[in-house]
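Here's the structure, in structure tokens; my notes come after.
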There are 2 protein chains.
Amino acid sequence: MQVAVMLQTARPCQDFATPQPRTVLLDVKRVQVTCQTCKLQNLCLSEGLDAEAKSHIDELVTARIRLRKGDTLFRTGIPFTSLYAIRSGSCKTVSLSENGHDQVAGYHMPGEIIGTDGVGTDAHACQAVALEDTEVCVLPFERLAALSRQNRQVQHNLHRLLSREIARERVLMLLLGTMHAEQRLAVFLLDLSQRYQVLGYSSCEFVLRMTREEIGSYLGLTLETVSRVFSRFQREGLVQVQGRVVKLLDRASVKRLVDSSD
Amino acid sequence: MQVAVMLQTARPCQDFATPQPRTVLLDVKRVQVTCQTCKLQNLCLSEGLDAEAKSHIDELVTARIRLRKGDTLFRTGIPFTSLYAIRSGSCKTVSLSENGHDQVAGYHMPGEIIGTDGVGTDAHACQAVALEDTEVCVLPFERLAALSRQNRQVQHNLHRLLSREIARERVLMLLLGTMHAEQRLAVFLLDLSQRYQVLGYSSCEFVLRMTREEIGSYLGLTLETVSRVFSRFQREGLVQVQGRVVKLLDRASVKRLVDSSD
DNA sequence: CGACTAGTTGAGGCCAGTCAATGTTGGTGG
DNA sequence: CCACCAACATTGACTGGCCTCAACTAGTCG
């Protein structure tokens with residue numbers, strides 16, 4: 001519900017997006033939607049801040065970027081300057097290893113902030129790619145750091161942001177290190193469900209923005225295994241899958257899969 | 001070399017350690033070794049700081065804790081109050097999942113700072129256990145945060161500390177998600193080798209502080225597989241293994257294993 | 001329409017897990 | 001000092017889950 005509103009208030013900016021180059025910086029004066037009116041404000045850096053601190057965060061957002069599906073927001077090795085808050089759409093982050101392997105490290109939805117891998121270093125350590133048409137707010141990190149020196153609440157939220165990323169990756173490590181294919185996909189689906197719910201969407205029916213291959217990469221599986229497990233879940237009545245549309249039919253059983261110790 | 005010196009300067013504190021309780025807080029006045037004289041200073045939070053900032057960090061360390069092998073520094077769910085810098089010895093951090101599985105999330109050596117999983121939250125998200133007799137410096141986080149509000153350099157180092165943890169976990173995710181048993185152990189050995197070298201130890205010969213089971217848990221393998229791969233590496237002349245003593249004989253071949261794309 | 005991408009399904013093989021037996025090490029008490 | 005025990009480690013036989021390779025279908029776009 002609230003997200004639908006947000007999408008509409010964001011619409012006017014669309015006019016300023018030009019096809020070439022694909023990433024377009026918008027002047028702050030043109031931006032009609034502020035953090036104050038953004039329905040996602042409580043999901044990201046502003047959570048729990050008082051009005052004054054919120055307005056400071058607001059001033060921080062000097063630009064927004066519109067991405068088309070497939071566009072790269074930042075790539076491995078480019079200088080780190082900003083964090084990015086997703087306003088609408090979704091992104092994946094991809095880690096690259098020296099031996100040519102890559103892996104989807106995260107799947108990010110509105111209200112989430114990405115780019116934390118570059119904090120405190122000179123360059124981004126991964127790549128961020130839009131999975132659909134996506135709009136992000138640019139948070140220049142130097143200014144955010146300055147603000148967090150002035151305001152304890154902002155500092156605390158920044159710390160929490162970074163530690164949440166650490167905690168998120170811990171969960172993934174546990175998944176990759178100890179879980180079977182069925183459990184991995186079950187965790188994936190429950191996680192998505194819960195996050196869609198937070199955004200005000202249905203927690204039972206949603207559309208995947210990733211391909212089977214991307215899901216597989218994220219979960220440490222091949223695309224064939226992902227497909228097979230989806231089919232198995234469907235056969236057993238746990239979910240209904242039609243391409244990228246997923247309906248969670250029996251959440252309890254899916255949870256039980258995750259909780260079982262082997 | 002330098003670590004040996006550090007171990008000796010740390011010795012006098014031993015007198016204050018009593019068997020019960022196993023974790024003993026030392027009054028700052030009793031602590032004879034300051035960060036200023038600590039040979040590890042450039043490895044942790046003080047890296048690159050000017051003299052003034054360093055002395056601030058120094059004042060931060062109000063206590064040290066001595067741990068016996070097997071002692072727990074903090075456990076999942078206890079309130080987060082401090083970060084801990086390892087002065088000597090080593091620790092593992094362990095993630096616990098709801099389904100009873102646990103996993104070694106990290107292996108930490110002198111100069112490293114642990115506890116970052118609790119930053120910005122109320123409680124620690126994992127458990128830290130000493131793998132041998134270990135001494136850590138307590139860094140009260142509230143005071144560190146206050147210091148980082150006053151001093152940009154300190155703030156930067158704190159940010160870098162957190163983002164390094166994020167980056168470290170990304171590497172592990174890549175390992176767990178895309179690599180074979182041989183590659184995982186190869187990465188593990190090269191990582192250890194490199195970190196021992198930084199500490200001034202031999203990069204070719206070192207003693208593992210973890211059991212096969214702990215290594216397996218860390219790498220997402222069973223203890224039997226770890227043992228078998230060690231044996232295979234030995235048979236092929238890559239390393240010489242005798243229990244926990246490891247000699248890297250053919251580093252180039254070990255590297256080649258990691259770099260090969262499958 | 002053909003070319004392309006995404007997804008499903010099957011056959012077969014291999015890597016790593018499981019189970020089990022045995023060897024090795026280190027600490028403890030008589 | 002040695003016997004004993006528990007924890008750690010090694011090795012083998014077997015199994016099975018997931019990967020690989022491949023064929024086929026459905027949907028999309030120029």
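Values below: all heavy atoms of this structure, side chains included; hydrogens, waters and symmetry mates excluded.
- Leu208(B) places its CG atom 10 Å from the P atom of dT10(D), with the value rounded to the nearest Å.
- What separates CZ of Arg212(A) from C1' of dT25(D) is a distance of 14 Å, to the nearest Å.
- In this structure, Gln242(A) atom CD and dT8(C) atom C1' are separated by 13 Å, rounded to whole Å.
- Here the rule is side-chain contact (heavy atoms from CB on, under 4.5 Å) with Phe188(A), and of Leu219(A), Val229(A), Val226(A) only Leu219(A) fits it.
- Within residues 218-231 of chain A, the residues that have a heavy atom under 4.0 Å from DNA chain C are, in order of number, Leu223(A), Glu224(A), Ser227(A), Arg228(A), Ser231(A).
- Taking a cutoff of 4.0 Å between a charged side-chain nitrogen and a carboxylate oxygen, Lys69(B) and Glu132(B) do not qualify as a salt bridge.
- Contact between Tyr196(A) and Met109(A) at its shortest, heavy atoms only, is N-CE, 3.8 Å.
- Across the protein-nucleic acid pair, Arg244(B) atom CZ and dT25(C) atom P stand 13 Å apart, rounded to whole Å.
- Atom NE2 of His101(A) and atom CG of Leu175(B) lie 12.0 Å apart (nearest 0.5 Å).
- For the segment residues 170-190 of chain B, residues with any heavy atom less than 4.0 angstrom from an atom of DNA chain C are, sorted by number, His180(B), Ala181(B).
- In this structure, Arg232(B) reaches neither bases nor backbone, as no heavy-atom distance under 4.0 Å exists between it and the strands shown.
- A donor and an acceptor atom, one from each side chain of Arg66(B) and Thr134(B), are nowhere located under 3.5 Å apart.
- With respect to Glu112(B), the salt bridge (charged side-chain N to carboxylate O under 4.0 Å, His left out) criterion is satisfied by exactly one of Arg168(B), Arg195(B), Arg164(B): Arg195(B).
- Ser90(B) and His108(B) share no donor-acceptor pair across their side chains, judged by distance under 3.5 Å alone.
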Exercise for review: Show your reasoning for whether ring-ring contact (aromatic ring centres under 6.0 Å, His included) applies to Tyr84(B) and Phe74(B).
Suggested key: CA-CA 10 Å; Tyr84(B) 304 92; Phe74(B) 53 81; 5.7 Å; yes
